[in-house]
Novice: 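Have a look at the structure that comes next, please.
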Number of protein chains: 2
Amino acid sequence: MVLSEKQKELIEMIGVFHEHKGLQPLVGRIIGLMLVHEDAEVTFDEIVEHLGVSKSAVSNALTFLQAKERVTYHTKPGDRKRYFSLKLGDWRSDFEKELLNIAEIQRFLEEVLDTRKDKSSEFCTKMKDFSNFLEFFRKEIPILFERFKKQYH
Amino acid sequence: MVLSEKQKELIEMIGVFHEHKGLQPLVGRIIGLMLVHEDAEVTFDEIVEHLGVSKSAVSNALTFLQAKERVTYHTKPGDRKRYFSLKLGDWRSDFEKELLNIAEIQRFLEEVLDTRKDKSSEFCTKMKDFSNFLEFFRKEIPILFERFKKQYH
DNA sequence: TTTTTGGTTCTTCTTTTACAGAACAAACAA
DNA sequence: TTGTTTGTTCTGTAAAAGAAGAACCAAAAA
């Protein structure tokens, strides 16, 4: 398959987006390539060629993506190549995990509040306020997912 | 002020938490120090001493935190020191921005869907499903914040 | 005026990241 | 058997990150 300019551009944009989330550049671009690839799956060689990187870099990136359960591969009879693709099936739980994770700061806030003597200060009130919201948020997220499921299926 | 073991531990934990979000180590620890500090505000020197880092590192970290509007300082009459503290007042909009930002991937998903020929494939269906959820999510987040405000105030 | 305080900027150093390239290995093919 | 395909692992390295230390500067104090 040959990539159009538009596709190459999308790969870069998706790559940068994932870089901002702390993933290494190549990892984000592999995700981009898998998303735009017409077969929705790519071989090891295709990654090497389309992204112009070394085999070792690709091997490490794929190992990482599989460890994080973002990618799997399957094989085809009479073909030794692996066909790597995104585990898009899990987007729901992945996204939920991500949301709950950013709310993890609540645990630290509560611990900090425990250690503070000025419980009724404006500072503590604001922290408590935020902590309460995060608690609320963590309870509401699963409900939000449920509502979506019912509404759209 | 002298920090207890518990407080030092909290600073480290809060530091690591922020490192995972892509902030540089010292920045996360400064946030931790400001959270546990009994005055809820720290001077430049206190940061240098409590965290055992150089003045230049502290200067750069504080510049960064102020640019990101996470920190401000005020001064006291007859005292040349700056008292730096967290801008905790904005937690609500900050957190909302963070949530909407992680939903930004939807934009790319829609663009990818545009370029794909296999619109009715399982792959595209799942992407569209995710994209729909993200749209739903982005609309619901502000509502969630509103509900919290009413419920707890 | 000179000195001190509080902080910034510039240069340098160390460590880590992200990748390249070559050697290697396992499975299959000839 | 020998060679080929499909990756993996090991070693090296350029570049960037993160911070140290010294020089520097502006405002206030002496």
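Throughout, a chain's letter reflects where its sequence line sits, starting with A, and its residues are numbered from 1.
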Novice: Which whole-number value in Å describes the distance from Asp45(B) CG to dG7(C) P?
Specialist: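 To the nearest whole Å, that distance equals 7 Å.
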
Novice: Round to the nearest Å and state the distance from Gln24(B) atom CD to dA16(D) atom C1'.
Specialist: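 Whole-Å distance recorded here is 12 Å.
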
Novice: May I ask you to decide whether Glu122(A) forms a salt bridge with Lys126(A), counting only side-chain N to carboxylate O separations under 4.0 Å?
Specialist: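 Yes, charged N to carboxylate O under 4.0 Å.
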
Novice: Any salt bridge linking Arg147(A) with Glu140(A)? Criterion: basic side-chain nitrogen under 4.0 Å from a carboxylate oxygen.
Specialist: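 Answer for the salt bridge query: no.
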
Novice: Provide, to the nearest angstrom, the distance between the CD atom belonging to Glu19(B) and the P atom belonging to dA17(D).
Specialist: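 Value for this atom pair: 15 Å.
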
Novice: Tell me whether Glu38(B) is salt-bridged to Arg116(A), with the criterion being a basic N under 4.0 Å from an acidic carboxylate O.
Specialist: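 Not counted as a salt bridge, because no side-chain N and carboxylate O are separated by less than 4.0 Å.
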
Novice: Atom CG of Leu51(A) to atom C1' of dA18(C): distance rounded to whole Å?
Specialist: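 Checked: the CG to C1' distance equals 14 Å.
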
Novice: Which is more 5' along DNA chain C, the nucleotide nearest Phe84(B) or the one nearest Val58(A)? Just name the residue.
Specialist: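 By nearest-heavy-atom nucleotide position, the 5'-most residue is Phe84(B).
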
Novice: dG18(D) C1' sits how many Å from Arg29(B) CZ, rounded?
Specialist: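 Result: 12 Å.
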
Novice: Within the structure, does a side-chain N or O atom of Arg82(A) lie under 4.0 Å from either OP1 or OP2 of dT8(D)?
Specialist: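 Checking dT8(D) against Arg82(A), a side-chain N or O does come within under 4.0 Å of OP1 or OP2.
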
Novice: Write down the distance between OH (Tyr73(B)) and P (dG6(C)), rounded to a whole number of angstrom.
Specialist: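 The answer, rounded to whole Å, is 14 Å.
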
Novice: Rounded to whole angstrom units, what separation is found between the CD1 atom of Ile47(A) and the C1' atom of dC19(C)?
Specialist: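 Whole-Å distance recorded here is 15 Å.
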
Novice: Quick one: the side chain of Ser56(A) and the base of dG21(C), do they pair up donor-acceptor inside 3.5 Å?
Specialist: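 Check passes, donor-acceptor contact within cut-off.
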
Novice: Taking any heavy-atom pair under 4.0 Å as a contact, classify Leu62(A): base, sugar-phosphate, or nothing.
Specialist: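 The answer is nothing, as Leu62(A) stays clear of every strand by at least 4.0 Å.
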
Novice: Of the nucleotides dG6(C), dT9(C), dT8(D), which one has an atom closest to the side chain of Asn60(B)?
Specialist: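 From the listed options, dT9(C) comes nearest.
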
Novice: In plain terms, say whether Glu5(B) and Lys8(B) are close enough for a salt bridge, that is, a side-chain N and a carboxylate O under 4.0 Å apart.
Specialist: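 Yes, Glu5(B) and Lys8(B) are salt-bridged.
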
Novice: Is Lys55(B) close enough to dG7(C) that one of its side-chain N or O atoms is under 4.0 Å from OP1 or OP2 there?
Specialist: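 No, because none of the side-chain N or O atoms of Lys55(B) sits under 4.0 Å from OP1 or OP2 of dG7(C).
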
Novice: Can you check the Phe64(B) CZ to dG18(D) P distance for me, whole Å?
Specialist: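 Taking atom P of dG18(D) as the reference, CZ of Phe64(B) is at 10 Å.
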
